[in-house]
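Keep in mind that the numbers below use all heavy atoms, side chains included, and drop hydrogens, waters and symmetry copies. Reminder, nothing fancy here: chain letters follow the sequence lines and each chain counts from 1.
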Amino acid sequence: MQESYDPAAVERAAQQYWDQRRAFEVDEDTSRPKFYCLSMLPYPSGRLHMGHVRNYTIGDVLARYLRMQGYNVLQPMGWDAFGLPAENAAISNGVPPARWTRQNISHMRAQIKSLGFAIDWRREIATCDPDYYRWNQWLFLRMLANGLAYRKTGVVNWDPVDQTVLANEQVIDGRGWRTGAPVEKREIPMYYLAITRYADELLEALDALSGWPERVRVMQANWIGRSEGCEIAFPYAPDTVRLVGANGALKVFTTRADTLFGATFLAIAAEHPVALAAARHDAALAAFIEECRHGSVNEAELATQQKKGLPTGLHVLHPFTGQPLAIWVANYVLMAYGEGAVMGVPAHDERDFEFALQNALPVTTVVRSARGAYEAVRAPWVPAYAEYGITVNSGEFSGLEFREAVDAIAAALERKGLGRKRVQYRLRDWGISRQRYWGCPIPIIHCGACGAVPVPEAQLPVLLPEDLVPDGSGNPLAKSPQFYECTCPECGQPARRETDTMDTFVDSSWYFMRYACPDAAAAMVDARVQYWLPVDQYIGGIEHAILHLLYSRFWTKVMRDLGMLDFGEPFSNLFTQGMVLNHIYSYQPADGRKRYFNPVDVEVRRAADGAALYEAVTDELGTVPLIHEGLGKMSKSVGNGVDPEGLVARFGADTARLFIMFASPPEQTLEWSDEGVQGASRFIRRLWHAVYEHVAAGTVAALEPAALSAAQRELRRAAHQTLAKATDDIGRRRNFNTAIAAVMELLNSIQRFADASAQGRAVRQEALSLAVLILSPITPHVCHALWQALGFSSALIDEPWPRPDAAALAQETHSMVVQVNGKLRAHINVAVQADEAAVRAAALADQHVQRFIAGKAVRRVIVVPGKLVNVVV
RNA sequence: GCCGACGUGGUGGAAUUGGUAGACACACUAGCUUGAGGGGCUAGCGCCGCGAGGCGUGUCGGUUCGAAUCCGACCGUCGGCACCA
């Protein structure tokens, strides 16, 4: 054993050992329980950042820990390789996305390998490989055949200058990110997956996902957004019938049918067919609708923006009173939710109230509080009353409680054929069409005669050409005749291939199944999936709490219903790691695009008034002033990632792993700082030295527990207590930081323990061995070396997780705390077996306690066994 | 706006079931080590006080023998809210 710790050499040797032994390659084995430990696959953005390191270290600690617990552990890795950044990179440096992506993968693979994760690399997949994405296409066609996929028009953001569709994130303040042109909304045909058909199951099954964090389940439930309410039809008044040209009714959805008699107007979305019809004869209305079309589709903005609206001049009739109600077009009504129309009840809805106030619409109070005096809502002095109460002014439905009123009104509407109870979801079907190049082609052929025809299964995959270079305007596939020219599979006439590709969330909705059978050539998945799945522990960022996890759950249920699986939930346990944040600095020239600077390149200066000034030195522009945009998740898009490579080169992978695990509890957001990395490095070196000095002193005698001195027993107890705590912290609580702190305390005890006797050395040997075993999932390389140095002939990787020795943990006396009136006054040492009376007597006899109770009457003594005594005087 | 978290030393954090607040580290201070270094070791380190002691977990109130932990109100910070991955 070398005297000084050389992380590079230690890590090289350990990794070589694992590679040669193929230590992490696993196959199905029914003799042991299986454990599928999965970290979310990375997008190959180019370089790893500390967020990745945190994610994969958590996964690796668990994988290695469970392996030691005797499980057959699978930990795979792959690449979420399609997506927008590859196209952006292509636009700025002219490299085809395929080449850029594959280069990034090979660089990041080497970075991941350098960290020593226990991964079965035989199973690596990249979602841009045809052998993978052909099955996206295949399942899409199966869904199409089963009515789970369908085509309809959808709204997209359109950049009129670049003639291209923009992702929401490419729209900044309503303008295209590259051109600065105001973004328009356009309707184009798209493919949708019918996730809403699974809304109920996706919601109800959440209750059974006890291995998921509560907050994720709440977020998903809110996202699905089930509301029970009524659909109500307001028959068209004659003016509307004249315009729309048919007898009909305007349907609304409401959860407050009890307020139906308080409806004083109807509000419809700008895209509503009635609004469009009315706008044909009304220039002002047409202009308003156009204005709404430019607005955001973002619900957060919709909820806070100023309520605006215009009357259509048209009317509907109240289903019970027959009274005409004006139809307004309002910007706060979403076409995509419910019926795209709401009944306006200003007295009992705050949005309607605000709208009515602005537009001088009548307010009719129809609900009163169950307690307190009746007071009519009167804008603006008496605000809307949105609580449940007792109906008033509602004809035959007056005097009812909320539930009774809804039931009675719904029943009456149903008799009239003007409404019914219905469940409405906020969840919408999943639009998967993307007008982009770098994604999985949607396997459809458009024929002038036969329409949209599925590509026959035998012709799959529809290969994505890999040599195109996008230029920022439109989709290169749509400009590539070699791709889109084809013949119709049904009639043989010339036809045009679909040039839209799939949302990359499709790729990540089932990759975890393909890891089980990455080489299955004849099927999407085979029997091996039944062995490995569901994933026993999934680990990833909280930012995926909704979309990725919901889509994966949906996709799994679809595959189950198509007879391919016998389980419906893909992830039994979910661990959501906190994000790793870093500062974001940008430079915004008056005429040009915003640039981001990595915090390591930023200089801070103090202005005369003490304010901080941030600047960076550039080659082209010299020193430029920067804007500090605050903290954000490490990502390529804001240039604030910290690459672990420097840390690994200087301190080694073990220090990087130890540091990130020690810095904070893993589910918590972590503001990046490398202060403290010294401490992690120092600790490993101290452990190395402790083992070195221990080993250098020669051979070690066998431990004889019965022959130990008090001090020896104490160190031994400390070692086994540390093991018990670390087992609980890692195995149950997943609090790696406190497990590490416990081992640090143990090492402190070992170093204070200066006992060179035979049994002293035997106790130290055991304590050091336990420390190495406990740390091995976290810092596997150095522990591999230290295990050998401690003289064990077996490899550490094959060691089982140790169990604390009950005899070592036992103690005769323990310390208890004595409080007087809840304030700490003394510590006493009592026998473990001492009964309550003895403890009480010992506490009262203590001289410090006596000082505080002298001359006072003891009113009560509370004894908490093993912990404390509280004397109340 | 809605939904959901979270507020503890100079810093990261610990306190797992209501029972010793500040474990373990970082930074800092002093001292030691005649090998210069992001080296090693020892001691100190919540605030006030010479001390005894008092005060202290965002603020105010409550429950309790006892509250960082439970309850109520308030203040603040962060996250999510349908084409980033």
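Straight-line distance from the OH atom of A:Y332 to the C1' atom of B:rC81: 20 Å, rounded to whole Å. Between the CZ atom of A:R682 and the C1' atom of B:rA25 there is a distance of 9 Å, rounded to whole Å. The nearest whole Å value for the distance from the CD1 atom in A:I584 to the P atom in B:rC78 is 12 Å. Straight-line distance from the CD atom of A:Q751 to the P atom of B:rA25: 10 Å, rounded to whole Å. Distance CZ (A:R428) to C1' (B:rC81): 11 Å, rounded to an integer number of Å. In this entry the distance linking CD1 of A:I778 with C1' of B:rC24 reads 13 Å, nearest Å. Distance A:I432 CD1 to B:rA85 P: 14 Å, rounded to the nearest Å. A:Q678 places its CD atom 8 Å from the P atom of B:rG40, with the value rounded to the nearest Å.
With its glycosidic angle within 90° of 0, B:rG9 is assigned syn.
In this structure, a donor-acceptor pair under 3.5 Å is absent between the side chains of A:W79 and A:N104. In this structure, a donor-acceptor pair under 3.5 Å is absent between the side chains of A:N821 and A:R859. For the 3.5 Å distance criterion, the side chains of A:Q435 and A:N475 fail to qualify, holding no donor opposite an acceptor.
The gap from the C1' atom of B:rG51 to that of B:rA14 amounts to 31 Å, rounded to the nearest Å. Using C1' as the reference atom, B:rG7 and B:rG58 are 6 Å apart when rounded to the nearest Å. One P atom belongs to B:rU69, the other to B:rG62, and the distance between them is 14 Å to the nearest Å. With both ends at atom C1', the span from B:rG44 to B:rG19 equals 30 Å, rounded to whole Å.
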- For every nucleotide of nucleotides 2-19 of chain B, 5' to 3': is a protein heavy atom under 4.0 Å from its base (B), only from its sugar-phosphate (S), or from neither (-)? -SS-------BSSSB--B
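Consecutive pairing runs in RNA chain B reach the stem threshold at B:1-7 with B:75-81, B:10-12 with B:24-26, B:28-33 with B:39-44, B:46-48 with B:53-55, B:58-62 with B:70-74, where a stem means at least three Watson-Crick or G-U wobble pairs with distances under 3.5 Å.
Partners of A:R226 under the side-chain hydrogen bond (donor to acceptor under 3.5 Å, both in side chains) rule, at least two apart in sequence or in another chain, are A:D200, A:E228.
Using a 4.0 Å heavy-atom cutoff across all strands shown, A:H544 reaches at least one base atom of the nucleic acid. Residue-level contact check: A:M502 touches neither bases nor backbone, having no heavy atom under 4.0 Å from any strand. Heavy atoms of A:W223 sit under 4.0 angstrom from at least one base atom.
Dashed line: the shortest gap from a side-chain N or O of A:R685 to OP1 or OP2 of B:rG40 is under 4.0 Å. The shortest distance between the side-chain N/O atoms of A:K823 and the OP1/OP2 oxygens of B:rG56 is not below 4.0 Å.
Among A:F505, A:W223, A:W510, A:Y198, the single residue meeting the ring pair (Phe, Tyr, Trp, His ring centres under 6.0 Å) criterion with A:Y551 is A:F505.
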- Evaluate the criterion salt bridge (charged side-chain N to carboxylate O under 4.0 Å, His left out) for residue pair A:E214 and A:R217; output intermediate values, then yes/no. CA-CA 5 Å; A:E214 178 63 18; A:R217 291 192 282 169; 3.1 Å; yes
